[in-house]
Structure formats: structure tokens, C-alpha cells
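Input: a single structure, listed below in C-alpha cells.
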Amino acid sequence: MTVSVTLPERSQTAAPVRPTAFVEKPSLIGLDRDELGEALRDKGVPEKQIKMRVAQIWNWLYVRGVSDFDHMVNVSKDMRGMLKTHFTIARPEIVEEQVSNDGTRKWLLRFPPRGAGRPVEVESVYIPEEGRGTLCISSQVGCTLTCSFCHTGTQKLVRNLTAEEILAQLLLARDRLGDFPDREIPVGTMMPSSDRKITNVVMMGMGEPLYNFEEVKKALLIATDGDGLSLSKRRVTLSTSGVVPEIYRTGEEIGVMLAISLHAVRDELRDMLVPINKKYPLKELIEACRNYPGVSNARRITFEYVMLKDVNDSLEDAKGLIQLLKGVPAKINLIPFNPWPGTNYQCSDWAQIEKFADFINQAGFASPIRTPRGRDILAACGQLKSESERMRKTERLAFEAMMIANHGEDDD
């Protein structure tokens, strides 16, 4: 049984959208310490206080998880007033929250337009398991890659998410799961047995993270900062379809675990399934993986392989996979295909998936079969999508003119 969670009234009916120029205060979420200090300096905070104030605000944002400046009780009243006047730390609007019958949760979140003409929406997914809880985060609204088996790829790219918006997905999920200090866990929520409700983060949601490298880097460095959200870099995984030039930078500059959305072992098939392969073919991709900074048997690269019936699931494909990854410290995640409306692909038969897995295991590779989660709420791999689209220029100008004309109508 799928459950849609009832949200507060403000989330059920969105207030009229105003133009960015009228309502958008800059957020302090997503700024690194230097940028946070500069933001305070620009508003007149004395230089001798900057370091202390940055440490205070950082702790409240990322250790205590507050979303209201008034809750920063060790910050002076005048300082809190200044912060409220000039900045925001509010969470995005939850348009919808769905809970699968297996405990998976999916949030549809709404963010400001920022060049897209109208507010945009993305999806984030939480998957609870016995020993861990994994949050799947989006990096873009839509995607440019058009992988033929992926539902997300049917939504054209609207825009990149900012570091604030990437981090906001993690902060909001921790709010909803009671994963900050002194927060209550929602009644009936399935949770892992670990101390933390969110132990792992995967950049495997909507979009290609390495086509939004700088914002993703900024967000993940804050998420793994030891004085804040404090996620271990070994528990953060970035998944890419193969943007080869940025793979090395990911290891050097971010240092998180790497996953490759592989799905085929021959260029001609991968060109069709994952079109970026035409630009960065398998030979270049695997070479980048061999040279990924820090890769070892203790820090293996995960190769994701969706099982498509009569497409890539033969034992010949399994042999090709073994040859392709020879010498690469690797784990192979076999993913039963998750159907979505309009797809022409089918999931491989379970017996064939098990034969494929056994063959790879016998060659010395770990090849777990990923248990499908959240299928009933379209929350499984490759199923995430939102209705956001970029407005045409004429639409956008007319919309903004209407909003300017209506500015203030909903004020008390």
C-alpha cells in the first residue's frame, strides 16, 4: 500500500509566486566558511566577530539543523534580527511526500525559478535498510543525457541546482526523519538500526552530477565537513554516466566514492543506452576509472548495470563485463530494470539475472543484485522525474509581468 503523507496547509496550496527580485533573500545554506564570513562582513558585522559568528551559524545550520534564525539562542537578538532581514535558511516547499509499502520515502520539492521562468521541482528518495539509511539526492532539474532506459532522461534539462538546493534535500530529509538532535521520529517510520537515520548519501537522483561539478563539489564538501553534517566521504557516492574529464577532478577535489552508470560492455550498445558514450567511449571511461585517485580494493568503484531482457543480459555480456573491468578494483551492482510508463524495455527474467550474477561472482567480482525499492511510488533507480519545464521567453516575460502587477496581493 502506498501512502501519501498529509502536509501542512501551506504545502497543499502554494501561495502565488512572486518574481525573484521581490521575495528572494540569499540563503546562508550552501556557503562555505569564507563566503559566510564575507556575507556577514557585507552587512556590517565587525571583523573581530566574523570567525566566532561563522562558527556559531555553521553549528546551528549543520549540527543542530535549525531553519529559523530565532532558534539560534546563543546569537544576540540584534544579530538574529539582522540575519532575518537580509538572509534566509528556510527549507524548500514539500509539494508531496509519498511512503512506499517497503518504507521508501519520496519527496517532491519545489525551489524558486532562478532563470527557469517558474518554480522548479525535483525528487529525493530515502531508502531505509537494517543497518543503514540511504538518501538519493538530485543535482539537476531534468537531465541532458537521454539514456533510453531512464525515465528521468525523458525530462529535458531545466537548470542546474545550486549548492544550497542540493544540501537542502539532505537537511529536509533529516528534518522529516527526526535525524537532528532533539527531533522526534515520525510515528510508523521504518528506520535503520544505526544511530543515524541517514548514514549514506548517493548522488544518483535527477541529473548528471558532473555536468554541475562546482555546485555539487561545494555541497558535498559541506556535507562531509567534520564540524557540521559530518558524513564520511566513504559513505557518499557520486554516480556519473561517464563525464571523463571530471572523473579525475572528483577524486582529487571532492574525494567521495565513485559509481559508474555502465549498462553495456560494447560501444555500439552503450551508444544507444547511454548516449554520452559517443563522446567518451568505454576505453576512455575505464582508463579514467583505473586512474581514479584513491581507488583500491578498500575503495572500489561501483559499476551500475541495469538488467534489460534480451538487450544486455546474456552470458556473453557477462564475459565482456569481466574482461572490461579486469584489473579495476570494482563492485558490480546488478539492477533489475524498473518499468515506467511508455518504456519499451523489460526487466530480465530473475533466473537470468541470477545466472549473470553467479558468472561474475565466480570471476572474483562482488555482484550483488539490488533489491528493487519504492517501485510502487516510482522511486526506484531511473524512475525519478518532475513536471518542471523551462518556460519560453515570451511565456516567462508575460508571467513575470503578471506577478509584478499582483505583487503584494496576498500580504496581510
Side-chain angles (χ1 to χ4, degrees), residues 132 134-140 143-145 147 163 166 199-205 207-226 231-267 270-271 273-306 320-335 360-361 363-368 370 381:
R132 68 180 187 175
T134 300
L135 182 68
C136 181
I137 290 178
S138 296
S139 58
Q140 296 179 311
C143 190
T144 60
L145 295 182
C147 298
I166 294 167
T199 60
N200 294 62
V201 166
V202 292
M203 296 296 305
M204 295 181 184
E208 165 54 64
L210 296 189
Y211 276 156
N212 188 17
F213 183 86
E214 294 299 335
E215 295 301 307
V216 167
K217 170 186 171 180
K218 199 170 169 186
L220 292 186
L221 290 179
I222 292 174
T224 55
D225 186 285
L231 284 165
S232 165
K233 290 189 177 184
R234 295 191 65 171
R235 289 183 173 268
V236 177
T237 300
L238 183 149
S239 176
T240 176
S241 293
V243 186
V244 168
E246 308 296 350
I247 287 177
Y248 188 83
R249 287 187 68 197
T250 300
E252 280 287 295
E253 299 178 30
I254 309 177
V256 295
M257 305 297 281
L258 181 69
I260 302 295
S261 193
L262 188 63
H263 313 306
V265 297
R266 304 184 309 277
D267 279 322
R270 195 165 191 267
D271 286 350
L273 296 179
V274 189
I276 195 176
N277 193 72
K278 297 172 186 175
K279 188 172 184 180
Y280 305 114
L282 284 167
K283 184 178 179 181
E284 292 181 29
L285 175 60
I286 300 305
E287 187 63 21
C289 292
R290 289 185 200 283
N291 295 315
Y292 187 69
V295 67
S296 66
N297 286 328
R299 290 176 63 88
R300 293 175 293 174
I301 294 173
T302 298
F303 289 87
E304 297 157 337
Y305 196 93
V306 66
L321 189 53
I322 292 165
Q323 284 300 116
L324 184 70
L325 300 183
K326 192 173 182 179
V328 179
K331 179 177 79 170
I332 302 164
N333 262 357
L334 300 180
I335 306 169
I360 295 170
N361 273 318
F365 288 97
S367 56
R370 186 183 294 174
C381 281

How long is the span from the CE atom in Met257 to the OG1 atom in Thr302, to the nearest 0.5 Å? 6.5 Å
Starting at NZ of Lys283, measure out to CG of Asn277 and round the result to the nearest 0.5 Å. 14.0 Å
Checking the side chain of Asn212 only, and the main-chain atoms of Ser139 only, is there a donor and an acceptor separated by less than 3.5 Å? yes
What pairs with Ile247 under side-chain contact (heavy atoms from CB on, under 4.5 Å), at least two apart in sequence or on another chain? Leu210, Thr240, Leu258, Ile260, Leu285, Ala288, Tyr292
Is there a donor-acceptor pair closer than 3.5 Å between any side-chain N or O of Arg270 and the backbone N or O of Pro281? no
List the residues meeting side-chain contact (heavy atoms from CB on, under 4.5 Å) with Lys326, not counting sequence neighbours, and say none if there are none. none
Nearest 0.5 Å please: distance from the CD atom of Glu246 over to the OH atom of Tyr280. 7.5 Å
List in chain and number order the residues that pass ring pair (Phe, Tyr, Trp, His ring centres under 6.0 Å) with Phe303, two or more places apart in sequence or in another chain; answer none if no residue qualifies. none
Option from Val295, Ile301, Val244 for which side-chain contact (heavy atoms from CB on, under 4.5 Å) with Cys289 holds: Ile301
Please confirm whether the backbone N or O of Ser241 pairs with a side-chain atom of Glu208, one donor and one acceptor, at under 3.5 Å? yes
Distance (rounded to the nearest 0.5 Å) between Ile360 CD1 and Ile332 CD1: 4.5 Å
For Asn291, check side-chain contact (heavy atoms from CB on, under 4.5 Å) against everything at least two apart and list the hits. Glu287
Those residues that, when tested against Arg266, pass salt bridge (charged side-chain N to carboxylate O under 4.0 Å, His left out) (two or more places apart): Glu268, Asp317
Sequence neighbours excluded, which residues qualify as side-chain hydrogen bond (donor to acceptor under 3.5 Å, both in side chains) partners of Thr199? none
Heavy-atom closest pair (Ile166 atom, Ala219 atom, distance to 0.1 Å) is CG2-CB, 3.6 Å
Can you name the closest pair of heavy atoms from Leu321 and Tyr305 and give their distance? CD2-CD1, 4.2 Å
With sequence neighbours excluded, residues passing side-chain contact (heavy atoms from CB on, under 4.5 Å) with Val202: Thr134, Cys136, Met204, Thr237
Minimal heavy-atom distance between Pro209 and Met203, with the atoms involved, is CG-O, 3.7 Å
Ile254 to Leu220 - nearest heavy-atom pair and separation: CG2-CB, 4.0 Å
For the residue pair Gln140 and Gly207, what are the closest heavy atoms and their distance? OE1-CA, 3.3 Å
Looking at residues at least two apart in the chain, or sitting in another chain, which of them share a salt bridge (charged side-chain N to carboxylate O under 4.0 Å, His left out) with Asp225? Arg33
Please enumerate all residues that pass side-chain hydrogen bond (donor to acceptor under 3.5 Å, both in side chains) together with Asn200, with sequence neighbours excluded. Arg235
Any side chain to side chain donor-acceptor pair (under 3.5 Å) involving residues 250-260? Give me the pairs, sequence neighbours left out, ordered by first then second residue. Lys217-Glu253, Arg249-Glu253
With a 4.5 Å cut-off on side-chain heavy atoms, are Leu262 and Leu324 touching? yes
For Val274 and Ser261, the nearest pair of non-hydrogen atoms, with its separation, is CG2-O, 4.4 Å
Check: Leu282 main-chain N/O paired with Asp267 side-chain donor or acceptor under 3.5 Å: yes
